[in-house]
Every structure is written in structure tokens, then in C-alpha cells.
Amino acid sequence: MSSGHVLPTRTRCDRTPAWAQLQAHFEGAGRGFDLRGAFAADAGRFERFSQQAPHVFADLSKNLIDAKAEALLLQLARETGLEAYRDAMFAGAAINHTEQRAVMHWLLRSPAPAHEDRPSSATETVADGLRDVHATLDAMLQLAERVRADDAITDVVNIGIGGSDLGPSMAVKALEELCHPGKRMHFVSNVDGMELGRVLRQLKPESTLFLVASKTFTTAETMSNAHAAREWFIAHGGSDDRSAKLSLSRHFYALTTNVAAAAQFGIDTTLGFWDWVGGRYSLWSAIGLPIAIAIGAEQFRALLAGAHAMDEHFRTAPLEANLPVRLGLLDVWYRNFHGFSSRSVAPYSHGLRRLPAYLQQLEMESNGKGVDAQGQPLPFATSPVVWGEPGTNGQHAFFQMIHQGTDVIPVEFIALRQGGADLPAQHPRLLANALAQARALMLGKDSEDGHRHFSGNRPSSFLLLDRLDAAALGALIALYEHRVFVTGAIWGINSFDQWGVELGKVLAKDLEPRLASGDIEGLDASTAGLLQRLRQPQG
């Protein structure tokens with residue numbers, strides 16, 4: 001689908017006047033910025049550097065930034081053409097220019113049109129896409145409700161990898177208090193047989209539904225696991241005869257656009273999606289079927305509504321009051337001027353324990369690029385390393401380095417005003433730990449004993465949700481999606497392709513038969529040596 005929308009002119013960040021002014025400001029006030037002094041000098045700092053967005057309150061006041069730096073960063077956003085580029089995305093333009101695709105994951109959570117007539121503001125791409133989205137959404141949710149109502153199905157196994165696994169797995173774990181008590185959800189992604197084998201040992205074929213999630217139905221890891229699951233199903237009494245009581249067609253569904261390949265596999269029930277849905281942005285699409293089975297149609301629509309609210313905030317709020325923009329600009333400030341190479345995400349919520357892994361793909365696969373939109377090498381850094389663990393676990397693992405290590409690592413705390421239903425008396429203790437860690441990073445502690453000295457002045461952001469419900473989770477995920485968009489737009493890169501994952505796949509296809517044959521012709525000495533060692537009998 002092509003909207004005919006002309007792509008806006010983009011100016012790479014390092015070619016703008018604001019970039020040079022930011023460099024000058026950093027060399028002046030920025031490099032030696034002291035948080036403790038900033039709070040002492042400005043009683044309104046918290047209000048100035050905090051804001052409410054849909055479902056998310058953000059305190060950015062403990063970051064190494066002043067009003068002048070933020071003003072220059074906003075100027076940078078305007079000079080690079082961020083607003084026009086954002087508007088082009090929402091108009092359905094093919095901003096993923098290397099693949100000639102629109103970027104419309106936001107459309108997956110847009111409300112259905114009130115009537116059949118196309119809104120005057122919508123392009124043909126958007127209007128047609130919205131009709132298709134809601135037809136597929138309705139079908140998916142109807143299917144999810146049928147599975148939920150089928151008491152014979154006790155286990156649902158999602159087989160996918162990357163965006164077909166990370167998003168659904170993260171969301172189901174986050175919303176587990178809303179999940180159907182009679183359905184156990186399993187997620188298999190690794191081609192290591194240990195993962196699928198562990199799951200299969202818990203299952204009975206007659207009470208299990210497998211979801212094979214692969215847009216092309218050719219993803220190597222997913223199809224390897226899918227065929228292994230199929231073999232297990234047949235070996236344990238299942239049949240590929242569609243008329244059989246325990247038929248493969250009743251116990252395997254496919255989330256794919258390749259209906260023919262799914263049918264050849266033995267699957268009749270398929271749900272598709274579109275080429276403008278990138279894998280890491282796909283949990284809102286048919287890839288979200290396991291989420292819908294787990295939490296139900298009403299809650300899945302609430303997830304979409306929360307994301308849509310953040311979409312509208314990003315699309316309409318002025319840049320200076322636009323939370324995805326402010327966070328993205330802060331990321332640019334840290335990466336390109338302070339030189340910070342990583343960011344730690346610390347969700348003080350057991351439900352959000354898979355969020356750091358999800359964000360790793362979202363940010364590093366999107367913005368881990370070394371060339372600009374024209375394919376020219378970049379003279380500045382792009383995506384930081386994103387990593388983390390839930391609090392308070394991280395405090396007893398890597399927080400030592402964050403407090404006293406040689407690298408400054410910005411931390412992103414995520415907390416909930418209201419905890420879960422279990423053991424609510426422990427939630428204040430969890431919140432106190434989150435607040436204390438952020439305070440300790442900022443204040444530090446003086447000591448003549450170097451081992452007990454904390455330098456302080458270590459930056460952090462604090463994101464606060466009222467509770468971890470479907471709408472809040474949707475808004476939080478969309479916030480991160482748009483933040484990644486902002487940094488990619490500023491850097492002048494394409495955040496929506498992922499050519500870097502392809503080379504290893506191609507080489508793996510060449511090496512797998514060599515493990516059996518022992519053929520080392522044309523290999524480098526290291527790979528050849530390892531292959532020969534792997535073929536040696538184990539002593």
C-alpha cells in the first residue's frame with residue numbers, strides 16, 4: 001500500500017545550528033552540571049522537569065539537564081524536522097524507505113471509524129488500513145473468546161521468536177492478575193530443544209493449543225520448534241487427518257500471512273497482518289492472540305486504548321510538553337554529548353520483569369544503526385545498550401557498579417502507586433527501595449574511606465503508573481515506541497528496518513549441513529577449527 005505522501009526533508013542532527021550550540025553548552029555548563037546544586041538553586045526544578053502523560057507520570061528532574069540544554073534540544077528537534085517526520089508516519093507515508101513500507105503499528109490501536117465514510121483527514125492508506133485492522137481485530141478477539149470458553153484447552157503454547165515472542169510474553173506476564181485462571185500460557189522461542197522439551201513434558205495433546213507465530217511461516221527457529229511440536233503431537237496420539245477427533249488442525253493455529261504454507265503444515269485457522277507491522281511493534285496485531293486469550297477481548301481493547309491515548313499525546317502535544325519527545329531528546333543528550341553508552345531499566349514491579357528484554361529489541365534493533373537514511377556512515381553514536389532487571393533484585397546484582405563504578409549509567413525507575421493483589425503490605429517497602437535508590441544515586445555520600453564514598457550526581461528518571469492494568473501497560477509500551485522514533489528521527493536513521501539480523505541467518509544455513517558433513521572448505525580458520533572440534537567424539 002502506498003499513500004502517495006511525500007516524505008519530508010530531514011536534516012541530520014550534526015548538520016544543524018542547534019548541534020553546535022549544544023556542544024558549546026555541554027563544554028560550558030553541561031560537563032560539570034551538579035544535580036544537588038541545581039535543586040538547591042531552583043525550588044521549582046521538580047515541577048519544571050516532570051509531567052503527566054496518559055497513564056504515566058514522569059519525573060525527569062534527577063537528570064543532568066538544565067533549562068538551556070532542554071531548550072536547545074527542542075530547537076534540535078525542530079531543525080531536524082521531527083514534527084514533519086512524525087506527521088508523515090501518522091499519514092501513512094513509507095518512512096521505512098529501505099523497504100518501501102509505511103510504519104503504521106499505531107493504526108492497530110486506533111478506534112474503529114464511527115461510520116463507513118472515510119474521514120477527510122485520512123489518506124487512502126490509513127483509511128483502508130483501519131478497515132482491515134478492525135476486521136482482523138474482531139476476528140482475532142472472537143477466536144480468543146472461543147478458546148477462553150473451551151474448558152478442554154488448558155494450555156496454550158506460543159511458538160515464535162523476536163517480536164513474535166518478546167511482546168506477547170512480556171504483556172501476559174505483566175497482566176497475569178487479569179489472566180484466565182484455567183489457561184496456562186507458555187512461550188517458546190529458543191531453538192535450543194531444552195526450552196520446548198521442558199514445556200512439552202508438562203502437556204497433554206488433547207488439552208493443548210499451539211500458536212505458530214511467523215509472518216512468512218519460514219522463520220528458522222520458529223519453524224524448527226513448530227515441526228518438533230507437530231511431531232510430538234502426532235507421536236502422542238494426534239493426527240494430521242482433519243476429520244480426526246484429535247486433529248492437528250484443531251490444535252494448531254497460525255499467526256501468519258503465508259496461508260498456503262500453514263495449510264501445508266496442517267493448519268486451517270490463520271490470522272494475518274500487514275507488511276507495515278514490524279516484528280518488534282506487532283503485539284497489537286494478530287501476534288497478540290496469546291495476550292487476548294490470556295486476558296480476554298475487553299482487556300485487550302483496554303490495552304489498545306491505553307496505547308492509542310499515548311499515540312494521540314505524541315501526535316498532538318507541543319514538543320516541550322510531549323513526554324516521548326522529552327525522553328528521546330534526553331537520550332540524545334546523554335548518548336552524544338555526555339557519551340553515556342548504556343541505560344539501565346529498573347522496573348520495581350515483578351509484573352514488568354520481562355520489560356527490559358522487550359526494550360532491548362525495541363530500541364537496539366530499531367536504532368542500532370551505523371549509517372544515516374542515505375546509507376552514509378555516521379560520525380556519532382546511536383543506540384545505547386539497554387539492559388536491566390526488576391528491583392529489588394538489581395540492587396543485589398549490578399547497582400554496586402551504578403553507584404560506585406567508573407561508568408556513569410543513567411537509570412530508569414518504573415514504579416506503581418498501587419501494587420498487586422498479593423501481600424499488599426509489602427508494596428510500600430518496594431516503593432521505598434525505588435525512591436531510596438534514585439535519591440542515593442543523586443545525593444551520594446561523602447566519606448574519607450574511599451570504599452564507602454559515593455560520588456552521587458548520577459542521573460535517573462522515574463516513571464510512575466497508578467497501577468499495572470491493561471491501559472497503563474499499553475500507554476507505557478507506546479511511550480517507549482515513540483521515544484525510539486524520536487531518537488531515530490534526530491539521528492537521521494531508519495529505525496524500522498533490521499538488516500543486521502540477516503547475515504548471521506544466511507551463514508547459519510551454510511554451517512548447519514557442515515556440522516554433519518565436516519566440510520570446512522572456504523571457512524575461516526577459527527570457524528573451521530570449532531566445527532572440527534564439535535565433530536570430535538566426546539571423551
Side-chain angles (χ1 to χ4, degrees), residues 6-27 30-31 69 72-73 75-86 88-89 93-103 162 278-281 325 327-343 359-387 407-410 480-508 524 526-527:
V6 177
L7 292 180
T9 300
R10 303 173 67 187
T11 302
R12 208 173 72 186
C13 54
D14 59 325
R15 296 167 178 165
T16 64
W19 187 264
Q21 294 174 56
L22 280 161
Q23 288 179 319
H25 181 67
F26 175 75
E27 293 301 330
R31 188 184 294 278
L72 288 172
L73 287 165
Q75 179 184 331
L76 178 69
R78 293 186 172 98
E79 290 177 358
T80 55
L82 171 64
E83 292 161 297
Y85 191 54
R86 173 199 62 191
M89 178 181 73
I95 63 170
N96 178 359
H97 66 282
T98 63
E99 297 177 302
Q100 289 299 301
R101 292 174 179 171
V103 174
R280 54 195 176 277
Y281 300 92
V325 172
L327 285 169
L329 292 175
L330 185 62
D331 293 339
V332 171
W333 178 237
Y334 281 160
R335 189 73 178 107
N336 298 120
F337 298 93
H338 285 270
F340 301 153
S341 60
S342 80
R343 184 175 77 252
L359 295 178
Q360 285 173 353
Q361 186 199 22
L362 176 63
E363 189 155 345
M364 293 194 284
E365 191 168 271
S366 295
N367 287 344
K369 309 290 171 60
V371 298
D372 64 16
Q374 286 70 47
Q376 299 302 308
L378 293 170
F380 51 80
T382 55
S383 177
V385 176
V386 179
W387 57 282
D407 290 315
V408 175
I409 300 169
Y480 277 103
E481 289 178 348
H482 296 317
R483 171 188 190 162
V484 167
F485 177 95
V486 169
T487 52
I490 299 296
W491 288 325
I493 62 179
N494 181 2
S495 299
F496 302 103
D497 60 13
Q498 54 279 333
W499 301 108
V501 306
E502 298 301 322
L503 179 58
K505 293 181 181 180
V506 172
L507 296 181
D524 62 273
S526 173
T527 305

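Index from 1, following the sequence.
Considering only heavy atoms from C-beta on, Trp499 stays 4.5 Å or farther from Val371 through its side chain. Counting heavy atoms from C-beta outward, Leu362 and Tyr281 have side chains that approach closer than 4.5 Å. Contact annotation: the side chain of Trp387 approaches that of Ser342 to within less than 4.5 Å [non-hydrogen atoms, C-beta and beyond]. Here the side chains of Pro379 and Asp14 are in contact, with some heavy-atom distance below 4.5 Å. Here the side chains of Ser366 and Gln361 are not in contact, with every heavy-atom distance at 4.5 Å or above. Side-chain contact between Ser383 and Glu365 is absent, with no heavy-atom pair separated by less than 4.5 Å. Between Gln360 and Glu363 the shortest side-chain heavy-atom distance does not fall below 4.5 Å. At a threshold of 4.5 Å between non-hydrogen side-chain atoms, the residues Phe485 and Val103 do not count as touching.
There is a side-chain donor-acceptor pair under 3.5 Å between Asn336 and Trp491. Inspection of the Asp331 and Thr487 side chains reveals no N or O donor paired with an N or O acceptor under 3.5 Å. For the residue pair Gln376 and Arg12, no side-chain donor N or O sits within less than 3.5 Å of a side-chain acceptor on the partner. With hydrogens and angles left out, the side-chain atoms of Tyr85 and Thr80 include no donor and acceptor closer than 3.5 Å.
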Practice task
Verify side-chain contact (heavy atoms from CB on, under 4.5 Å) between Asp497 and Lys369, making sure each step is shown before the conclusion.
Solution key: CA-CA 10 Å; Asp497 60 13; Lys369 309 290 171 60; 2.9 Å; yes
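Taken from CG in Leu329 to CG in Leu76, the straight-line distance is 7.0 Å, to the nearest 0.5 Å. With rounding to the nearest 0.5 Å, the separation of CD1 in Ile490 from CZ in Arg10 is 9.5 Å.
Ring pair Trp333/His338 is perpendicular by interplanar angle, where above 60° counts as perpendicular and below 30° as parallel.
Arg335 contributes a side-chain N or O that, together with a main-chain N or O of Thr382, makes up a donor-acceptor pair within less than 3.5 Å. Of the possible donor and acceptor atoms, one in the side chain of Asn367 sits under 3.5 Å from a partner among the backbone N and O of Val484. Remark: side-chain polar atoms of Asp372 are paired, donor with acceptor, to backbone N or O of Gln374 under 3.5 angstrom. Without hydrogens or angle criteria, Gln21 side chain to Leu72 main chain gives no donor-acceptor distance under 3.5 Å.
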